[in-house]
Number of protein chains: 2
Amino acid sequence: MLTIGQLADYAGVTSKAIRHYHERGLLPEPGRDSSGYRRYTAKDAVDLVKIRTLANAGVPLARIKDLLDADSDALTAAIAEIDHNLQDRMAQLGRIRDQLAQLRGGERLFVSPEVADYLDDLRELGVSERQRCLERDGWILMQTASPEDASLWLAEKRELMADPEFRVLYLEHDAAYEWSPSDPRLPALADRTRNWFAHHDSRSETRPVHNPAIARLAAQSQPGASSPAWDRLTQLLKGQ
Amino acid sequence: MLTIGQLADYAGVTSKAIRHYHERGLLPEPGRDSSGYRRYTAKDAVDLVKIRTLANAGVPLARIKDLLDADSDALTAAIAEIDHNLQDRMAQLGRIRDQLAQLRGGERLFVSPEVADYLDDLRELGVSERQRCLERDGWILMQTASPEDASLWLAEKRELMADPEFRVLYLEHDAAYEWSPSDPRLPALADRTRNWFAHHDSRSETRPVHNPAIARLAAQSQPGASSPAWDRLTQLLKGQ
DNA sequence: CTTGACCTTGCCCCTAGGTCAAGGTCCGAC
DNA sequence: GTCGGACCTTGACCTAGGGGCAAGGTCAAG
């Protein structure tokens, strides 16, 4: 006959846990000795090990209770299912490990794979880190607010970027971030931008987001996302 | 700018969880619009995905909070450690799957490997299922109460079982469970048992547990563990 | 103007126990 | 015989990571 502490050591649990199982009706309350101590039998030890095995497998105590009363077939089926869950869980842990690895340096976690590819292309083109951050945040907002629209816009933006002239304009806008607001290149850039859109405005009238300032618009809420030169550029584009 | 529900959908969590992270100081409270609704930026989305990635990896929220503020080196180290834990966890799940498989039919879960081997040997010898259950329960009690003594006793019991005469007696005691208490074989069996011990009592005087009734003694606490014939046998052995 | 879907705060509920408190008990040592 | 330390008893409160509900405010469409 065992005390609660001996039984707990045997099964590798605390006595508190055993009392918890009594409260939940998982393990029947054993008889008491003359001083009121619980006294356990080998059967209790066997039951407790079963309980722990199932609990370690992630089975909720309420379900373990049912399982202990269930017949052999039901138990076999339940164990098969639990084992399946364990396998799923292991596979899931593998995926979580991949995601965890991406947490260091990757941005693929935050956007759809298509957008991630697009951002990779931007890097290839020589777009600045800053600009890519703005783009990323813009796409996050768009994807979140309306995933299907974002997908359409991404296709159109890719079309734009396929045009070498547009790419030049885009890169120059990127570089202009650090210019002085009185830089003489700004009016010229504004002119060429307006000019380009005049020749390609079939869709851009209905969807004004497709100009190179898209990231600036999307990121306006973030402090420090613009610069004096960009503000001036926005004025020049809007003013005329 | 996103509402809490949009942000929640983006990250695959509930709005309640996001508020929970605000309360815990994991995610800063964003600004409110004119009607008091929270309004989120892309940065919040990025932070939330980081939080979820770490939380999915099993990192407690309190530690995630520290990690988000930590510098890059500390973060890298922490991620390495978390990844290690994940690997451990996966290996552990594999072990739990093994144990789960043993739950169907195996008794190896409940006793030490040595005792499990001994129980297997009993089956080979033709010992009944009932008797093996009694033995198992006896060994569980012994192991739990005093593992090192149990190990010694097991060695001695194995020595006894190495003697063909003892094995015959043991099997006959096993079979006697179902005899009638007035069966004429009982007194004869008691005689032969006493006789055997008279010739081999070098140790059994100090350790009376080593007679074939060991399981009966250990299992006395369990109702229905004895039978009329066994009770009679005990009387016969004790009486003279 | 209503309806349904959203948002707000606040409260209690869950699992699987851990921890602390305030005692009663057992056992070996002195 | 009694002392100390390790064990046992019950009970109450605490934790993480939210879920669910109440009671209301807001928004956009029909």
Side-chain angles (χ1 to χ4, degrees), chain A residues 1-27 29-40 44 47-68 82 85 89 92 96 144-146, chain B residues 1-27 29-40 44 47-68 82 85 89 92 96 144-146:
Chain A
M1 302 298 280
L2 313 168
T3 67
I4 196 170
Q6 288 175 311
L7 180 64
D9 287 349
Y10 162 76
V13 302
T14 63
S15 10
K16 177 66 199 248
I18 294 180
R19 290 193 200 103
H20 192 58
Y21 300 151
H22 290 326
E23 275 177 31
R24 300 284 150 131
L26 270 155
L27 199 61
E29 279 272 3
R32 310 289 182 116
D33 67 12
S34 59
S35 56
Y37 288 15
R38 293 175 180 86
R39 288 295 175 165
Y40 294 89
D44 294 318
D47 287 351
L48 183 52
V49 168
K50 288 183 185 169
I51 291 170
R52 280 317 308 168
T53 304
L54 291 167
N56 285 336
V59 181
L61 297 195
R63 189 158 177 226
I64 294 179
K65 184 180 174 185
D66 297 343
L67 253 46
L68 291 177
I82 293 163
N85 291 349
R89 180 75 189 140
Q92 195 186 346
I96 289 174
T144 305
S146 173
Chain B
M1 302 297 278
L2 313 168
T3 67
I4 197 171
Q6 289 175 312
L7 180 64
D9 287 348
Y10 163 77
V13 302
T14 63
S15 10
K16 179 71 190 250
I18 295 179
R19 291 193 199 104
H20 192 58
Y21 299 152
H22 290 324
E23 274 177 34
R24 301 282 152 131
L26 272 155
L27 199 60
E29 279 273 3
R32 309 290 181 116
D33 67 11
S34 59
S35 56
Y37 288 15
R38 292 175 179 85
R39 288 297 175 167
Y40 294 90
D44 295 318
D47 286 350
L48 183 52
V49 168
K50 287 183 186 169
I51 292 171
R52 278 318 306 172
T53 304
L54 290 167
N56 285 336
V59 181
L61 296 194
R63 190 160 176 222
I64 294 179
K65 184 181 175 182
D66 298 343
L67 252 44
L68 291 177
I82 293 163
N85 291 348
R89 180 76 189 138
Q92 197 186 344
I96 289 173
T144 306
S146 173

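Just so it is clear, the structure is predicted and the values come from calculations on it, not from any experiment. To find a chain, count down the sequence lines: A is the first, B the second, and so on, and within it residues start at 1. Scope of the values below: all heavy atoms of this structure, side chains included, with no hydrogens, waters or symmetry mates.
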Atom-pair distance ([atom1] on [X]; [atom2] on [N]), nearest Å:
X: E29(B); N: dC7(C); atom1: CD; atom2: P; result: 14 Å
X: D33(B); N: dC7(C); atom1: CG; atom2: C1'; result: 9 Å
X: I64(B); N: dG17(D); atom1: CD1; atom2: C1'; result: 11 Å
X: L54(A); N: dA16(C); atom1: CG; atom2: C1'; result: 15 Å
X: R32(A); N: dG24(C); atom1: CZ; atom2: P; result: 17 Å

Can you sort out which residues in residues 12-26 of chain A have a heavy atom within less than 4.0 Å of DNA chain C? Ascending by number, please.
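Here the set is T14(A), K16(A), A17(A), H20(A), Y21(A), R24(A).
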
Between S15(A) and I4(A), what is the shortest heavy-atom contact and its length?
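The pair with the smallest heavy-atom distance is O-CD1, 3.7 Å.
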
Do any side-chain nitrogens or oxygens of [X] fall under 4.0 Å of OP1 or OP2 in [N]?
X: R38(B); N: dT9(C); value: yes
X: S35(B); N: dC27(D); value: yes
X: R39(B); N: dC6(C); value: no
X: T3(A); N: dC7(D); value: no

[X] versus [Y]: any side-chain heavy-atom pair under 4.5 Å?
X: K65(B); Y: L61(B); answer: no
X: L48(B); Y: Y21(B); answer: yes
X: L27(B); Y: I18(B); answer: yes

Listed by chain and number, what are the salt bridge (charged side-chain N to carboxylate O under 4.0 Å, His left out) partners of R38(B), not counting sequence neighbours?
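So R38(B) forms a salt bridge (charged side-chain N to carboxylate O under 4.0 Å, His left out) with E29(B).
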
[atom1]/[X] to [atom2]/[Y] distance, rounded to the nearest 0.5 angstrom?
X: Q6(A); Y: T3(A); atom1: CD; atom2: OG1; result: 4.0 Å
X: N85(A); Y: R89(A); atom1: CG; atom2: CZ; result: 11.0 Å
X: L54(A); Y: I96(B); atom1: CG; atom2: CD1; result: 11.0 Å

Hey, which sits more toward the 5' end of DNA chain D by its nearest nucleotide, A62(B) or I4(A)?
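By nearest-heavy-atom nucleotide position, the 5'-most residue is I4(A).
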
Go nucleotide by nucleotide along DNA chain D from the 5' end; which of S34(B) and V59(B) gets its closest nucleotide reached first?
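It is V59(B) whose nearest nucleotide is closer to the 5' end.
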
Taking Watson-Crick and G-U wobble pairs with both distances under 3.5 Å, convert DNA chain D into its dot-bracket string, 5' to 3', dots for unpaired and | for cross-strand pairs.
||||||||||||||||||||||||||||||

Is it the case that N56(B) and R52(B) place a side-chain donor and acceptor less than 3.5 Å from each other?
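Yes, side-chain donor-acceptor contact under 3.5 Å.
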
If you assign each of Y37(A) and Y40(B) to its closest nucleotide in DNA chain C, which residue comes earlier from the 5' end?
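Comparing both residues, the 5'-ward one is Y40(B).
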
Please tell me which of the listed nucleotides, dT8(C), dG17(D), dG17(C), lies nearest to the side chain of L61(B)?
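Looking only at side-chain atoms, L61(B) lies closest to dG17(D).
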
